[in-house]
Number of protein chains: 2
Amino acid sequence: MSLRIALLGLLSAVGPASGYDLAKKFDRSLNHVWQAGHTQIYPELVKMASDGLVEAEAEGARGRKLYTITPEGRRELREWLAEHDPAMTIRSEGALQAFLLPLLSRDQAIKVVERIKAGYQVRLARLECKPAEGEFGGYARSLGLAQARTGIQWADETLAELKARTDL
Amino acid sequence: MSLRIALLGLLSAVGPASGYDLAKKFDRSLNHVWQAGHTQIYPELVKMASDGLVEAEAEGARGRKLYTITPEGRRELREWLAEHDPAMTIRSEGALQAFLLPLLSRDQAIKVVERIKAGYQVRLARLECKPAEGEFGGYARSLGLAQARTGIQWADETLAELKARTDL
DNA sequence: ACTAACATGTAAAGCGTTACATGATTTG
DNA sequence: CAAATCATGTAACGCTTTACATGTTAGT
């Protein structure tokens, strides 16, 4: 469902687009929120078209297919945004490593936390150098920035605690 | 892979356990990091046994099967923790709703943000009233607490901004 | 001519959720 | 004896990733 919603949202925000365009948007502006490659997007657009949520215009240059959101697509999008209680489930390999930290020696734990920190720093850097983008997605951007900074702060505190230890 | 690692980690931390036990641990202590129900855990344990990562002891009361981590299982776990660069990918319906906020009217956006905030509050409450648990998982717990508080703070700031608006 | 970017797809395998199904033991 | 909890599993479906496969256009 969320893939559909994300595609409808992009089509609603930026107007008609091809699967290729949408895959790029996913990679560039939506990547801190949801991920999908073109292999998932192309078939989904076909299904959405057969469900009447989008319409494919005639092919353009290089076999390019432009999709437009339909009124029914807009309705579906609005309804999901208005009614759907968002699942707050997290699946984070970084958090899993954090969970298992006590299984490691002090030195190994430090290395692991430094790697987790590096991951948050990469995310922070990507979000920081990606402003504007038509301003769309700004709320999610500020949420992502805050979460990344929180992760870095957690890593710093955890590193300080681990380094203060004298036991193994 | 992560499901395997989580199971190996639990078996390594708490000793021999049944699939049922592990499912409970997932639900109670690991749920802010990774999720899996018994329908995923039982078959995975069978596969892990055939891969030599765990060993099933004879059945106990009520058909209960106790699994123990093997030396090879410990090696796999250690290697993953030491070498694996954790994927920092996020898939969050809440963040997706945040991303699409500009598509909504001021009033609808406020409702959506309040729902997102409620989700973070539930997560915060669950983590707060779940201390100890053998102290294992404490690092992930503090990370989860910090992330939940960050989410609530973002929601409050966003609500303040939205409410300050006079336009639709 | 070559390379990079454009542009679309299919297939297989793996991961995850939901629904279905069964039976034993404990507690009230 | 009824209900809750213990305990295990299968099957179908849907979502996601990886690998394969093809052809066009623009710039150097």
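Per chain, numbering begins at 1; letters A, B, ... match sequence-line order.
- Side-chain atoms of Asp21(B) never come within 3.5 Å of backbone atoms of Ala17(B) as a donor-acceptor pair (strictly under, hydrogens ignored).
- Considering every non-hydrogen atom in both Ile116(A) and Gly94(A), the closest pair reads CD1-O, 3.5 Å.
- The side-chain heavy atoms of Leu100(B) and Leu77(A), taken from C-beta on, include a pair separated by under 4.5 Å.
- Sparse packing is recorded around CD of Glu55(B), with 12 or fewer heavy atoms of other residues, nucleotides or ligands lying under 6.0 Å away.
- Nearest nucleotide to the Lys65(A) side chain, out of dT8(D), dC6(C), dG9(C): dG9(C).
- Under the 6.0 Å cut-off for aromatic ring centres, Tyr42(A) and Tyr20(A) do not qualify, their centroids lying 6.0 Å or more apart.
- Contact check for Val46(A) versus Tyr67(A): side-chain heavy atoms found under the 4.5 Å cut-off.
- Distances were taken from every side-chain heavy atom of Trp34(B) (C-beta onward) to each of dG16(C), dA7(D), dC6(C); the shortest belongs to dG16(C).
- Transitive grouping of hydrophobic side chains (ILVMFWY, heavy atoms separated by less than 4.5 Å) brings Leu162(B) and Ile152(B) into a common cluster.
- A heavy atom lying under 4.0 Å from DNA chain D marks the following residues of residues 38-48 of chain B, by number: His38(B), Thr39(B), Tyr42(B).
- In this structure, the CG atom of Asp21(B) is 12 Å from the C1' atom of dT8(D), given to the nearest Å.
- Between His38(A) and Lys24(A), the closest side-chain pair of non-hydrogen atoms is not below 4.5 Å.
- If Gln35(A) and Tyr67(B) are placed on DNA chain D by their nearest nucleotide, the residue sitting closer to the 5' end is Tyr67(B).
- For dC6(C), one of the phosphate oxygens OP1 or OP2 lies less than 4.0 angstrom from a side-chain nitrogen or oxygen of Tyr20(A).
- Of the residues in residues 84-99 of chain B, not one places a heavy atom less than 4.0 Å from an atom of DNA chain C.
- If one axis is set at each end of the helix from dA1(C)-dT28(D) to dG28(C)-dC1(D) from five pairs, those axes are 20° apart, to 10°.
- For Glu44(B), the CD atom sits in a packed shell: over 12 heavy atoms of surrounding residues, nucleotides or ligands are nearer than 6.0 Å.
- Distance CZ (Arg4(A)) to C1' (dC15(D)): 12 Å, rounded to an integer number of Å.
- A straight line from CG of Leu3(A) to C1' of dT16(D) spans 10 Å, rounded to a whole angstrom.
- At least one side-chain heavy atom of Arg149(A) sits under 4.5 Å from a side-chain heavy atom of Leu124(A).
- Atom pair Lys24(A):NZ and dA7(C):C1' shows a separation of 10 Å (rounding to whole Å applied).
- Residues Ile90(B) and Val33(A) have side chains not in contact (no heavy-atom distance under 4.5 Å, counting atoms from C-beta outward).
- Asp27(A) has its CG atom 16 Å from the P atom of dT16(D), to the nearest Å.
- Computed from coordinates, the Glu57(B) CD to dA7(D) C1' distance equals 17 Å when rounded to whole Å.
- The CE-C1' distance, from Met1(B) to dT18(D), rounds to 17 Å in whole Å.
- The side chain of Ser18(A) contributes an N or O atom lying less than 4.0 Å from OP1 or OP2 of dT8(C).
- A donor-acceptor pair shorter than 3.5 Å can be found between the side chains of Glu93(B) and Ser2(A).
- When the C1' atom of dT8(C) is taken as reference, atom CG of Leu22(A) falls 13 Å away, rounded to whole Å.
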